[in-house]
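The structure under discussion appears below in the form of structure tokens.
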Amino acid sequence: MDKATIADVLEKIATLLELKGENPFKIRAYTNAARSLETWGGNISDLRDEETLEKIPGIGKAIAAKIKELVETGSLKFFEDLRSEFPAEILELFSLPGLGAKKIKALYEQLQVSSIAQLQEACTAGRVAELPGFGKTTQDKLCRAIAERTKHAGSFHLGAIAAEAETLQNDLRAHPDALHVCIGGSYRRRKEIVRDLDFIVATSAPAEITAIFAQHPLVESIIAQGPTKSSVRLRSGIQCDLRVVTGAEYPFALNYFTGSKEHNIVMRNRALQRGWTLNEYRLGPAPPVADSPKKKTTGKIPEVREEADLYRALELDYIPPELRENCGEFEAASAKTLPRLVEAENLRGTFHCHTTASDGHNSLEEMAAAAQSLGLQYLGIAEHSRSSIQANGLDVPRLRAQVAAIRKLNREFENFRLFAGVECDILRDGSLDFDDEVLAELDYVVASVHSAFTLSEADMTRRIIRAMSNPFVTMLAHPTGRLLLKRDPYAVDVPAIIEAAAETGTWIEINAAPKRLDLDWRWWPLAKEKGVKCVINPDAHRTERLQELWFGIGVARKGWLTKADVMNCLPLGKIEGELTRKRTRK
DNA sequence: GCCGTTTTCGGCCCGACTGTTTTCAGTCG
């Protein structure tokens with residue numbers, strides 16, 4: 001039982017309570033608790049302890065007791081009882097846009113519809129349109145939504161939609177009537193998965209901007225179009241929302257639509273505490289409410305010209321979008337202790353890239369040239385090792401040949417260097433795919449799990465820690481093996497891995513490939529606290545994928561990391577000594 | 001169900017759009 005499973009149960013409770021028509025604030029309490037638990041940095045074993053549980057914000061006596069029961073017995077009576085009141089598949093109806101708890105309840109009680117398949121049947125038979133509160137339009141919309149759902153899962157890798165997003169943003173920016181254009185939402189916060197794109201545009205010509213947006217060549221269909229808000233679907237399937245505001249409203253709209261929702265709630269509350277009301281358009285005086293002491297007016301409302309002014313008005317340092325998850329950014333911003341986050345420009349090199357020697361698509365020379373054109377001072381080549389047969393892994397002679405090729409090529413460079421490494425498989429028992437004598441010939445070693453994903457959590461954790469204990473292992477790659485939207489992480493005790501990395505001096509990778517983004521940003525504050533060093537690697541199998549480092553920077557920033565936390569921000573002169581520090585330390 | 005620097009009771013963010021209504025409920029973000 002892990003945190004994500006428990007959070008999932010709490011989420012499901014919230015949804016089921018919604019179906020029952022429970023008190024909305026009680027429902028929100030469960031949602032808040034789920035979210036709070038997910039982002040909490042503590043250890044799973046502490047979840048048996050109710051006192052620790054109640055210290056997590058949003059978790060009080062009642063929910064703490066439920067989590068305890070869940071962790072100790074593996075099930076929760078309250079949840080099981082609740083669940084038995086409805087057919088199991090009914091929850092899938094919530095994934096259809098336009099359907100919420102009230103409508104699902106009506107469909108269930110009046111038409112006995114409790115699955116998407118049954119809904120499709122009822123729509124085809126025309127029974128949905130006859131329900132009070134529904135109509136022909138709603139019925140047709142649901143039909144389309146069901147068809148759409150099979151076509152697009154509705155979730156996208158950040159990397160899969162970034163190009164479309166930037167194109168649309170640039171085209172809007174090029175329009176003379178656009179004063180400011182920004183993509184807010186989870187895209188601006190650099191979440192690993194985005195469900196939609198929120199465009200915020202400041203303009204004095206809303207109709208023109210709306211038209212440009214709706215008629216853009218990337219747009220496949222228009223979902224809604226009004227004077228200030230429009231929604232379209234792009235060719236990739238992602239939904240884009242456009243908000244058109246005035247120049248004066250822009251900083252408020254940008255802030256509001258960047259979110260997260262949880263961040264916004266705290267912002268609004270801070271405004272309320274100062275006697276103001278904050279919405280997506282302005283900071284205004286709070287409406288007078290009798291007997292409401294916290295809504296005392298506290299003087300003149302500060303002028304806000306840009307987002308930073310808004311934070312200043314609420315007595316906060318500017319909070320970078322990546323940190324706006326209500327995971328401690330308010331405490332830090334008010335104490336003036338926000339870190340200066342790492343930036344793409346800080347990167348000096350990277351490790352963990354492949355060439356045609358194993359399963360890459362470009363030669364050593366091509367990869368080196370691509371790295372130099374990105375302004376990097378060094379590039380580490382780490383091919384697969386012999387056990388990764390599916391990836392054309394190198395045996396010892398082929399590895400030695402590549403090391404020789406790298407050493408030879410290095411003589412041709414000025415102010416640039418290739419490092420010779422390997423992506424060495426961690427075998428089932430935690431031993432490595434090459435002997436230490438072979439590893440010692442390399443500049444560095446990346447260790448990864450590529451097989452036996454189904455070990456128990458204890459075995460997998462032991463396996464990885466054993467590998468990290470090898471003095472030649474410089475860094476641990478994609479520590480959880482997840483493939484976003486495709487494969488869950490294998491069972492592994494991440495805090496234990498972090499602890500071992502700190503003890504052994506092993507760096508942990510942020511694998512910047514958009515399908516991985518592993519280790520997840522939620523773990524980095526803990527890793528940083530333990531003194532673990534980060535390395536951002538693209539795991540590039542072709543030259544153009546080196547640019548995915550940009551997504552890794554997003555993860556590092558979300559994880560509160562600074563330049564000093566990321567090893568590949570070190571210049572060429574300093575990185576070499578760091579690569580071999582572990583094998584020479586006593 | 002959670003929370004608390006005037007609170008242990010009474011709040012809990014709130015505006016836009018759509019579709020079904022004929023003044024508003026539901027959904028969404």
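Quick note: numbers below take in every heavy atom, side chains included, and nothing from hydrogens, waters or symmetry partners. Convention: sequence-line order gives letters A, B, ...; per-chain numbering from 1.
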Original post:
How long is the line joining CG of A/Leu272 and C1' of B/dG4, in whole Å?
Top reply: 15 Å
**OP:** Check the angle between the aromatic planes of A/Trp550 and A/Tyr187 and answer parallel, tilted or perpendicular using the 30° and 60° thresholds.
**Re:** tilted
Subject >> Side-chain N,O (A/Thr138) to OP1/OP2 (B/dT18) below 4.0 Å >> reply: no
Original post:
What parts of residues 50-62 of chain A reach DNA chain B, counting only heavy atoms under 4.0 Å away?
Top reply: A/Pro57, A/Gly58, A/Ile59, A/Gly60, A/Lys61, A/Ala62
Original post:
When all nucleic acid strands are considered with a 4.0 Å heavy-atom cut-off, which category describes A/Asn32: base, sugar-phosphate, or nothing?
Top reply: nothing
Original post:
Can you find an N or O donor on one side and an acceptor on the other, under 3.5 Å apart, linking the side chain of A/Tyr281 with the base of B/dG15?
Top reply: no
**OP:** Count the heavy atoms belonging to other residues, nucleotides or ligands that lie under 6.0 Å from CZ of A/Arg173, then report whether that count exceeds 12.
**Re:** yes
Subject >> Pairing partner (Watson-Crick or G-U wobble, both distances under 3.5 angstrom) of B/dG10 >> reply: B/dC3
Original post:
Going by the side-chain hydrogen bond (donor to acceptor under 3.5 Å, both in side chains) test, which pairs reach into residues 551-561 of chain A, not counting sequence neighbours?
Top reply: A/Glu322-A/Arg557, A/Glu325-A/Lys558
**OP:** For A/Ile63 and for A/Lys136, locate the closest nucleotide of DNA chain B by heavy-atom distance; then report the residue assigned to the nucleotide nearer the 5' terminus.
**Re:** A/Ile63
Original post:
A/Gln225 near the nucleic acid: base, sugar-phosphate alone, or nothing, with a heavy-atom cut-off under 4.0 Å?
Top reply: sugar-phosphate
Original post:
Side chain of A/Asn23, base of B/dG1: donor and acceptor closer than 3.5 Å?
Top reply: yes
Original post:
Would you say B/dG1 has OP1 or OP2 under 4.0 Å from some side-chain N or O of A/Lys26?
Top reply: yes
